[in-house]
Amino acid sequence: MSKQCLLALAYPELETLITGMGSPRFVAKQVWEWIYSKHVVDFDAMHTLKKGTREQLKATCCVLPSDVVERHAAGDKTAIKYVLKLQDGQLIEMVVLFEKTHTTLCISSQSGCPVDCKFCLTGVVGFKRQLTAHEITGQLLTAFAEGHPIQNVVFMGMGEPLMNYDNVFAAIDQINSPEYFGIGKRHVTVSTSGYIVGIKRLIADKRFINLAFSVGHANPEKRAKIMPIETRNPIFEVSRLLHQYLKMHNRKLTLEYTLLENTNEDSQAIAELIPLAKYLEAKINVINLNPHSKIPFSPVSEGVIKRIRAQIKDADVPVTIRFRRGQDIAAACGQLGESHLEKP
Ligand code: SF4
């Protein structure tokens, strides 16, 4: 019989569980504080609980819905990738990124991904299943329990978050809530490949979040070749909806643009990207591809990146170049999913 995961319980449910075990109500508060304030996931370390209570909890419950099965630290110490095994054996990946002033957690919303972007390893491994809300927050608690003081959470790991809308936003509510993890709304970013149903729900629900849109190519025909989602979710309609969404609040949008040699880096492609950024008043974040044997594209040279940056800057559009952290451990953007590939 699988154990009850405490992260899946709301506070009243935890109280019912604890009193059902014969312990007084205040013990639920103690357990809650150990988990959400002190980020302790080992019952033996919850020393304010009686030994008998700890033993009961150990026998029937677990705190996290997943175990860490692999840790890979980047040689340049800028990132650590974790492979987590869920209770049904599915594997997911998350990455802790160490930046100058803060620590960011790149989190997964699905095991695998159904979107099949041709430049992304997660797309190559395919879709396994949706993650539950507590499997998503479990990644954050794992990162804290591993000793990382996470300040920012980005949904840029495995999966298209807007295709797992209910679970992702249930998780975000807990990430933001002072009762749970207390990470402010402005410190959480969701990245989408442009899933129209999800963007329409954001608008209907008035769910205002930091959003990043992965463009791939601003030209619809060329985009469809590298991002098949374009066929049913045309970039023109996505852009119109994003424009409508952005007018409803004051958050800024980021356009993520992964550079692929001989595919989307020529001056004409960038000239098509610039009006999109102006229309959406967005910043462009340029990411050079992280090469992988399973991905049929190559990155561009430093010279090409400089040329693209200058072209975007000359058009008065803000541009950043994302530094490729953790490339040697396949923790960089678009490289999650290694754990799903068969080991040689
Ligand atoms: S880039 Fe994002 S949406 Fe596209 S396949 Fe990879 S994980 Fe899925």
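Atoms within a ligand are numbered from 1 in the order they appear, just like the ligands themselves.
Listed by atom number, the atoms of ligand 1 under 4.0 Å from G123 heavy atoms are 5 (S). Annotation for ligand 1: atoms under 4.0 Å from non-hydrogen atoms of D116 are 5 (S).
In this structure, R309 places its CZ atom where only 12 or fewer heavy-atom neighbours from other residues, nucleotides or ligands lie under 6.0 Å away.
Using a cut-off of 4.0 Å between Lys/Arg side-chain N and Asp/Glu carboxylate O, D166 and R201 are scored as salt-bridged.
Under 4.0 angstrom from ligand 1, the non-hydrogen atoms of C113 all belong to its side chain.
Not counting sequence neighbours, the partners of E15 by the salt bridge (charged side-chain N to carboxylate O under 4.0 Å, His left out) test are R25.
Residue side and main chain included, C120 places no N/O/S atom under 2.8 Å of atom 4 (Fe) of ligand 1.
For residues 251-282, the pairs satisfying ring-ring contact (aromatic ring centres under 6.0 Å, His included) are H243-Y279, with sequence neighbours left out.
The shortest heavy-atom contact between L64 and G138 is CD2-O, 3.6 Å.
The option with the heavy atom closest to atom 2 (Fe) of ligand 1, from among P114, G159, S193, S214, is G159.
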